[in-house]
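Below is one structure, written out as structure tokens; the observations come after it.
Remember, it's a predicted structure, so these values are computed and weren't measured experimentally. Starting from 1, each residue takes its place in the sequence as its number.
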Amino acid sequence: MPTDTRSSIIGPATSYLDALVSHDSASARLADDVRRIGNGRDVVSGADALRAVIEREPVGAIDAVRWVVDGPHAAAVYDLEADLSRSAQSDTYGPRDTWIPSYIAERFTVVDGLITEIEVVYAGTDRDLPRPPRPERYPRQRGSDAPARDDVIAAASAYLHALVSHDGGAVPLAPHAWRVENGRGSGDSGPEIASALALEIMHVITAVRDLEWFVEDDTAIVFYTIDVDLGRLPNAPDDAPTSAKRLGERFRVHDGMVAEIEAVIPATDI
């Protein structure tokens, strides 16, 4: 994608992220009929309503933004520090050591330089949990060296299929692949990730559906819904609940193998 075209999509999306931190909602480039979906269910409609939300969001800082631009869409996975002292409409930030680390997956649709839709998936973590290492163990593949879009989706889809089949051996994982979920390391090699897909707890996942893919070069960000049936756990009661969650996940694919997985899994159900 030409640099100027890519910038024309990322620019409006960045204006929204900057406004979350500055709480200057007027600077966000929003279409009048913009809507925002949160964790698969919360919807804010209209620019005025969304600007009011931006003014009171308890955001202290945003960093480590990893962008994927695909047509009129910009998708990102990033780190956020929540300053909960601002939830009481405070005009000042609380001490930074009281901020709560959070992990975000977010997609933006941009039309004529304005954001028309936002979908955000977010998950908080423990205050003292350090940011995870995200090593670049395999060189990036960009432009003419990048894999085909369908090949990136195929490799990442094999992982998503394995969430339901629990057959990690069917996933083309790079030997030195890593996986991070909500800021916690959950696999530091391909074999370790494959083994984890067969764990008993994984059997509660019964379906992966409603996938939306955004791909640029060797990286994909996908938003999807999982169906969960806690009745599949050993000794589960007859009335064990079922539920659904909306997730956001980033994959990087190198030479046909999944090299990086970064998932945002909300605590709330749809």
Specify the closest pair of heavy atoms between [X] and [Y], including all atoms of both residues, with the distance to one decimal.
X	Y	answer
Val264	Ala105	CG2-N, 3.9 Å
Ala174	Ala259	CB-CA, 4.1 Å
Leu173	Ala194	CD1-N, 3.8 Å
Leu129	Pro101	O-CG, 4.1 Å
Ile62	Leu17	CD1-O, 3.7 Å
Trp67	Ala13	CH2-CB, 3.5 Å

For the [atom1] atom of [X] and the [atom2] atom of [Y], what is their distance to the nearest 0.5 Å?
X	Y	atom1	atom2	value
Gln141	Thr219	CD	OG1	9.5 Å
Leu50	Leu30	CG	CG	5.0 Å
Asp42	Ile270	CG	CD1	11.0 Å

So, the side chain of [X] versus the backbone of [Y]: is there a donor-acceptor pair under 3.5 Å, distance only?
X	Y	result
Lys245	Ala267	yes
Trp213	Ile221	no
Asp229	Gly231	yes
Arg250	Ala76	no
Arg252	Tyr138	yes
Asp227	Ala244	no
Asn182	Ile265	yes

Are any of the side-chain heavy atoms of [X] and [Y] separated by less than 4.5 Å?
X	Y	answer
Phe251	Arg179	no
Trp99	Pro58	no
His73	Val110	no
Arg184	Thr125	yes
Thr116	Val34	no
Pro139	His254	yes
Arg209	Tyr224	no

Starting from the C-alpha separation in whole Å, work towards a yes-or-no answer on side-chain contact (heavy atoms from CB on, under 4.5 Å) for Val43 and Arg35. CA-CA 7 Å; Val43 178; Arg35 62 195 296 265; 4.1 Å; yes

Should we say atom CG of Asp48 is surrounded by more than 12 heavy atoms from elsewhere, each under 6.0 Å from it? no

May I have the step-by-step check of side-chain contact (heavy atoms from CB on, under 4.5 Å) for Ile226 and Thr206, ending in yes or no? CA-CA 7 Å; Ile226 61 169; Thr206 60; over 6 Å; no

May I have the step-by-step check of side-chain contact (heavy atoms from CB on, under 4.5 Å) for Val253 and Val152, ending in yes or no? CA-CA 6 Å; Val253 173; Val152 174; 4.0 Å; yes

Salt-bridged, [X] to [Y], with N to O below 4.0 Å?
X	Y	answer
Glu117	Arg107	yes
Asp218	Arg142	no
Arg29	Asp18	no
Glu260	Arg134	no
Glu119	Arg246	yes
Asp24	Arg51	no
Arg66	Glu216	no

side-chain contact (heavy atoms from CB on, under 4.5 Å) assessment of Val208 paired with Thr225: CA-CA 6 Å; Val208 170; Thr225 300; over 6 Å; no

Which is it for Tyr78 and Glu106 under the side chain to side chain donor-acceptor pair (under 3.5 Å) test, yes or no, and what are the steps along the way? CA-CA 8 Å; Tyr78 60 90; Glu106 196 155 20; 2.5 Å; yes

Pair Phe108 + Tyr16: ring centers closer than 6.0 Å: yes

Is the NZ or CZ atom of Arg131 both under 6.0 Å from the centre of the six-membered ring of Tyr103 and within 45° of that ring's axis?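 Yes, Arg131 sits over the ring of Tyr103.
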
Can you name the one residue among Asp83, Ile104, Leu80 that meets side chain to side chain contact (heavy atoms under 4.5 Å, CB included) with Val59? Leu80

